Number of protein chains: 2
Amino acid sequence: MALDRKDLAILAELTTNARASHTELATKVGLSSTALARRQKTLEDDGYIQAYQAALDLAQFGLTTTVLVRIALESQSDEALKAFEAEVVKCPSVVRCFLMSGNDDYILIVLARDIQDFERIHRTELSRLPRVARVQSSFALRDVVNRAVPTVVFGEAKRQG
Amino acid sequence: MALDRKDLAILAELTTNARASHTELATKVGLSSTALARRQKTLEDDGYIQAYQAALDLAQFGLTTTVLVRIALESQSDEALKAFEAEVVKCPSVVRCFLMSGNDDYILIVLARDIQDFERIHRTELSRLPRVARVQSSFALRDVVNRAVPTVVFGEAKRQG
DNA sequence: CCAGAATGCGCGTCGGTGTGCCCAAGGAAA
DNA sequence: TTTCCTTGGGCACACCGACGCGCATTCTGG
């Protein structure tokens, strides 16, 4: 299935205002509310829209420090990977974890209140992960780009429009 | 301001169902709809909830390849940083960009359709960034953890509850 | 014991939502 | 070229539910 510009406009708008009503979206996109409702439902049913979620301001919770953690395991055996992954998903301060190609086995993104708090996280969460050979942490000084969806998605229209 | 368990329950639920109605949320949290409406509005006004946004399934758009790109600049001068950042925000395939401490100056997260597509992105987007001395790319083989909000946020209650 | 805050209930209004029907455009087949 | 069929759009309507208000009540802290 291909999406036209109106579909992309709907998705772009819902990416910003997930609670927008049909009529509200309809006027912005340039459709009637019923036509828009059909398209929105199609987008949901076809899985383009996974969920509607509230975005929290993590700074309000004191989580102002982002840390990238590179981890190498003692072994790349399937058993070691599974053991590590089973534990890393439980770490409450980890928001992302990639299994990587290259020298590092895993890269984590960790959110902390400050550097002292990261020391605590390192001690209570990261150092308890199994099969870890090496941990290397780098602090993010600033967030330059932070998008949920790459803008390239909204740039490509395949139906007419 | 401190949040109690009901506030956290509201946030946790809205993180999953941003379109939930007051009554729906009220039953899940254990409040009346009016009490819930007041708390939700407070959470919004105080900035705990930044926005309500639709989460798109990027795999549906063919974006199945995540690449971490480490970039070092020729110079760490303020002018070089500003020039780089002004351009990187325009890259349509970049979803995240951190200014880093340590050896690397910036770390980007790039979404591509596949490895060939990343080659195109490298050529048309990344190689055109100014003041870049070194680019090092690592492919993510798998997404182990992908959370918008660390679970630690929902674990700490400060009012009664 | 008292004051303030938070809660719960009931109500009326308002708006969204979904349906049915008709219309326009485009493509295919005769 | 004509006709048919499919796809997507718009209009109108009615139903249903959410939303926000006012007031009585409870709970908490001083």
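The structure presented is a predicted model; accordingly, all values stated were derived computationally and were not measured. Letters A, B, ... mirror the listed sequences (proteins, then strands); counts begin at 1.
- Between His122(B) and Glu119(B), the closest side-chain pair of non-hydrogen atoms is not below 4.5 Å.
- Closest heavy-atom contact between Phe98(B) and Ile109(A): CE1-CD1, 4.4 Å.
- Side-chain atoms of Gln76(B) and Asp105(B) form a donor-acceptor pair, as typed in the model, at a separation below 3.5 Å.
- Whole-Å rounding puts the Arg5(A) CZ to dG8(D) C1' distance at 18 Å.
- Atom CZ of Arg39(A) and atom P of dT7(D) are 15 Å apart (whole Å).
- Remark: C1' of dG8(D) and CD of Gln40(A) are 17 Å apart, rounded to the nearest angstrom.
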Using residues 49-57 of chain B as the side-chain source, report each donor-acceptor pair under 3.5 Å to any protein atom, sequence neighbours left out, with the distance given to one decimal.
{"from": "Tyr52(B)", "atom 1": "OH", "to": "Gln40(B)", "atom 2": "NE2", "distance (Å)": "3.1"}
{"from": "Tyr52(B)", "atom 1": "OH", "to": "Glu44(B)", "atom 2": "OE2", "distance (Å)": "2.5"}
{"from": "Asp57(B)", "atom 1": "OD1", "to": "Ala59(B)", "atom 2": "N", "distance (Å)": "3.3"}

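- Between the NZ atom of Lys41(A) and the P atom of dG9(D) there is a distance of 16 Å, given to the nearest Å.
- Going from atom CD1 of Ile10(A) over to atom P of dG8(D) covers 13 Å, rounded to whole Å.
- In this model, no donor atom of one side chain and acceptor atom of the other lie less than 3.5 Å apart for Ser32(A) and Thr34(A).
- For Glu87(B), the salt bridge (charged side-chain N to carboxylate O under 4.0 Å, His left out) partners two or more places apart in sequence, or in a different chain, are Lys90(B).
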Anything under 3.5 Å between a protein N or O and an N or O of nucleotides 13-20 of chain D, put it in a table, one pair a line.
{"from": "dA18(D)", "atom 1": "OP1", "to": "Thr23(B)", "atom 2": "OG1", "distance (Å)": "3.1"}
{"from": "dC19(D)", "atom 1": "OP2", "to": "His22(B)", "atom 2": "N", "distance (Å)": "3.0"}
{"from": "dC19(D)", "atom 1": "OP2", "to": "His22(B)", "atom 2": "ND1", "distance (Å)": "3.1"}

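- In this structure, Asp4(B) places its CG atom 13 Å from P of dT28(D), rounding to the nearest Å.
- Judged by distance alone with a 3.5 Å cut-off, no donor-acceptor contact links the side chain of Arg38(A) to the base of dG8(D).
- Going from atom CD of Glu44(A) over to atom P of dT17(C) covers 11 Å, rounded to whole Å.
- Between Leu36(A) atom CG and dG9(D) atom P the separation is 10 Å, expressed in whole Å.
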